[in-house]
Amino acid sequence: MSPSRKLTIAIDGPAGSGKSTIAARVAKKLGYVNLESGAMYRALALKALEQQVPLDDADALRALAENTLIQLEPHGEGNQVLLDGRDVSRRIREADVTAAASRVSVHPPVRRLMVARQREMGSEGGVVMEGRDIGTAVFPDAEIKIFLDADANIRAERRLLQDGTRSAEEAQRLLADLATRDLRDRTREASPLVPARDALIIDTSRKSIDEVVAEVERIVAEKDIG
Ligand code: C5P
């Protein structure tokens, strides 16, 4: 099914809500481009770690971001992420970068730059962009806004499965990290993780991916007609 117009679809939600998988599947079904905004914060965080830029120095991080090229290329179920031309798609998923991305993304000057770039990337429409502030800050006028949520325990379990974590210690650390990042995303001053007023909230706790994708498709079809 391909909509008659090039809609903008914003999908927000916390880690483990199913965002990435669902955004990728929806984009594929509609023939849209899927953009993972989190990958941009992750790529910047990786560069900050490599160049030893302090993660609490907003101005230095902003300057770093200004001199950094981050490209998101469609690739299977997600994006290939290029940092200054280098493929960092795998590296940015590792625990140290994950933790650093959460810290880098609290700074308003960094967010302003990222949001401007994200708007540019999605300016043509026909895009599914996923993140934390897409419906509230990046595309407040998006035709479709979905906020995915799920019970915290279920989200943590999904993350464990996804990461193939083995030892109990590793599992505990991963759960603690998830809770820390969640709290930071929800309580930061700049664009905290909250549903946009006009977002449709879907609780994915007890739903399969196929069910949620079908629900989003229905919403898109209704919007396309209406
Ligand atoms: O979605 P993902 O887990 O890849 O995002 C990495 C981090 O980037 C998140 O923990 C969050 O702090 C931040 N982020 C954000 N705004 C977005 C996307 C991600 O602040 N739109």
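What you are looking at is a predicted structure, and each value in this text was computed from that prediction instead of being measured. In this chain, numbering begins with 1 at the start of the sequence shown. Counting convention: from 1, in listed order, for ligands and their atoms alike.
The pair Arg103-Asp56 fails the salt-bridge criterion, with no side-chain N (NZ, NE, NH1 or NH2) lying under 4.0 Å from an Asp/Glu carboxylate O.
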Ligand 1 N/O to protein N/O, distances under 3.5 Å:
from, atom 1, to, atom 2, distance (Å)
ligand 1, 1 (O), Arg132, NH1, 2.8
ligand 1, 3 (O), Arg42, NH2, 3.0
ligand 1, 3 (O), Arg132, NH2, 3.3
ligand 1, 4 (O), Arg42, NE, 2.6
ligand 1, 4 (O), Arg42, NH2, 3.4
ligand 1, 10 (O), Arg181, NH1, 3.2
ligand 1, 12 (O), Ser105, OG, 3.0
ligand 1, 12 (O), Asp185, OD1, 2.6
ligand 1, 16 (N), Arg111, NH2, 3.0
ligand 1, 20 (O), Ser105, OG, 3.4
ligand 1, 20 (O), Arg111, NH1, 2.7
ligand 1, 20 (O), Arg111, NH2, 3.4
ligand 1, 20 (O), Arg188, NH1, 2.9
ligand 1, 20 (O), Arg188, NH2, 3.1
ligand 1, 21 (N), Ser37, OG, 3.0
ligand 1, 21 (N), Arg132, N, 3.1
ligand 1, 21 (N), Asp133, OD1, 2.8

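Within 6.0 Å of the CD atom in Glu66, the count of heavy atoms belonging to other residues, nucleotides or ligands exceeds 12. Dense packing is recorded around CZ of Arg186, with more than 12 heavy atoms of other residues, nucleotides or ligands lying under 6.0 Å away.
In this structure, Phe147 belongs to a hydrophobic cluster whose other members, linked by side-chain heavy atoms under 4.5 Å apart, are Leu193, Ile201.
Applying the side-chain contact (heavy atoms from CB on, under 4.5 Å) criterion to Ala43, with sequence neighbours excluded, gives Ile70, Val81, Leu83.
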Name the atoms and distances for all side-chain donor-acceptor pairs under 3.5 Å in residues 121-132, with sequence neighbours left out.
from, atom 1, to, atom 2, distance (Å)
Ser123, OG, Glu120, O, 2.9
Glu130, OE2, Ser20, OG, 3.0
Arg132, NE, Asp185, OD2, 3.1

